[in-house]
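Only one structure is covered here, and it is reproduced in the block below.
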Protein chains: 2
Amino acid sequence: MNEISVNIFKALSDLNRLRILKALQSRVLCVCEIRELIGLANSTVSQHLSILKECGFILESKEGKWVNYMINPRPSDLRVSAILSSLDFWINDEDIIITDKKKVAGLDRKIICCS
Amino acid sequence: MNEISVNIFKALSDLNRLRILKALQSRVLCVCEIRELIGLANSTVSQHLSILKECGFILESKEGKWVNYMINPRPSDLRVSAILSSLDFWINDEDIIITDKKKVAGLDRKIICCS
DNA sequence: TTTATATTTCGGTATTAAACGAAATGATAT
DNA sequence: ATATCATTTCGTTTAATACCGAAATATAAA
């Protein structure tokens, strides 16, 4: 990855991307589930995910027709891993993120998708 | 300041602001000196400084007709102080920042200003 | 193979942020 | 008080980013 510092901060400079990172801290999510949580179009969510992926914050893995996204457990960039290993320190004061946390538990892709 | 996380990352998501932070790591600078280093208009530099100041990254102090800017030695936000106390860890891979470091030493407000 | 579902890519619009110069402000010196 | 210089604020233009819907792609099921 070898991202330059400004790109790392740019990736973190959008509230919706911070919401996604924090949601993925709870568990693996597919695009549909994230769209449901955040309330943006699928295509927009996909775009945000690709920015986070590009910097090494998250990984994707295919499972049938779904694409699962998860926090990268072993980022090559030390700054990215520093952020990820202390996510609660860096991101904790936005009301919406606290609300999201509760909602993530109730998300079920069997219900959300296929609609 | 009690800044929310996304604002902190937004403040860091511009290369010119990172350049300013790193330059202030070397020493206190006035707006003219920073304008000379970065190559932007005074008004633009002033705007960048106010964004960094708003988040608590830097402090200003007036000295005659000059306004000196410096790294905030005691930021109230833990995230801001975490960034500032490890600036070399967070910001170190942009070529221009390495170039800037050499130039800062040669800046002299007596020569730069008053022109 | 056709159909259905999930995701990504593309093209375009809307919002946000960066940049400038000019005018206004603040401070010092004449 | 007037002039000068550093800085900030204001109004505007330009560039970057966020967003959407439609079309394209990929996988799975019928």
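Sequence lines set the chain letters: A, B, ... in the order given, protein chains first and strands last, and positions in each chain run from 1.
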Practice task
Specify the separation, in whole Å, of atom CG of A/L15 and atom C1' of D/dT17.
Solution key: 15 Å
Handout entry: Given D/dC19, D/dT8, C/dA6, the nucleotide with the shortest approach to the side chain of A/C32
Key = C/dA6
Handout entry: Integer-rounded Å distance: C/dT5 P and A/K110 NZ
Key = 16 Å
Practice task
Using a strict 4.0 Å threshold on nitrogen-to-oxygen distance, state whether B/R109 and B/E63 make a salt bridge.
Solution key: yes
Completion exercise
Contacts of A/I51 and B/E33 projected onto DNA chain D by closest heavy atom; the upstream (5') one is B/E33
Exercise for the section: Give the rounded distance in Å between these two atoms: CD1 of A/I38 and P of C/dT7. Expected result: 14 Å
Problem - Short side-chain N/O contact to C/dT8 OP1/OP2 from A/Y69, under 4.0 Å - result: yes
Completion exercise
note: B/N68, atom CG; D/dT7, atom P; distance rounded to Å ~ 8 Å
Handout entry: ILVMFWY clustering at 4.5 Å (side-chain atoms), partners of B/V28
Key = B/L59, B/M70
Handout entry: Phosphate OP1/OP2 of D/dC19 contacted by A/H48 side-chain N/O (<4.0 Å)
Key = yes
Fill in the blank from the handout: A/W66 CH2 to C/dA4 C1', in whole Å, measures 12 Å
Practice task
Figure out the CD1/C1' separation between A/I20 and D/dA18, and round it to whole Å.
Solution key: 12 Å
Exercise for the section: Flag the pair B/R27 and B/E33 as a salt bridge only when some basic side-chain nitrogen lies within less than 4.0 angstrom of an acidic carboxylate oxygen. Expected result: yes
Practice task
Measure the shortest side-chain to side-chain distance between A/N72 and A/I58 over non-hydrogen atoms and say whether it is less than 4.5 angstrom.
Solution key: no
Problem - Side-chain N or O of B/R17 closer than 4.0 Å to phosphate OP1/OP2 of C/dA18 - result: yes
Handout entry: Phosphate OP1/OP2 of D/dC20: any A/T44 side-chain N/O under 4.0 Å
Key = yes
Handout entry: Contact pattern, 5' to 3', of nucleotides 22-30 of chain C - B, S or - by protein heavy atom under 4.0 Å
Key = B----SS--
Exercise for the section: Round to a whole Å and report the spacing from CZ of B/F9 to P of C/dA17. Expected result: 16 Å
Exercise for the section: Please state whether the phosphate of C/dA19, meaning OP1 or OP2, lies under 4.0 angstrom from any side-chain nitrogen or oxygen of B/N42. Expected result: no
Completion exercise
Among the nucleotides D/dA6, C/dT7, C/dG21, whichever has the atom closest to the side chain of A/C30 is C/dT7
Exercise for the section: If the plane angle is over 60° it's perpendicular, under 30° parallel, otherwise tilted; pick one for A/W90 and B/W90. Expected result: perpendicular
Handout entry: Residues A/R19, A/D14: salt bridge by 4.0 Å N-O rule
Key = no
Problem - Side chain of B/D14 (C-beta onward), nearest among D/dC20, C/dA17, C/dA18 - result: C/dA18
Completion exercise
Atom CG of A/N16 and atom P of C/dT15 are separated, to the nearest Å, by 16 Å
Exercise for the section: Please determine if a side-chain N or O atom of A/R109 lies less than 4.0 Å away from the OP1 or OP2 oxygen of C/dA6. Expected result: no
Exercise for the section: Using a strict cut-off of less than 4.0 Å between a Lys/Arg side-chain nitrogen and an Asp/Glu carboxylate oxygen, indicate whether B/D108 and B/K110 qualify as a salt bridge. Expected result: no
Exercise for the section: Say whether B/I98 and B/L21 are linked into one hydrophobic cluster, either directly or through other cluster members, by side-chain heavy-atom distances under 4.5 angstrom. Expected result: no
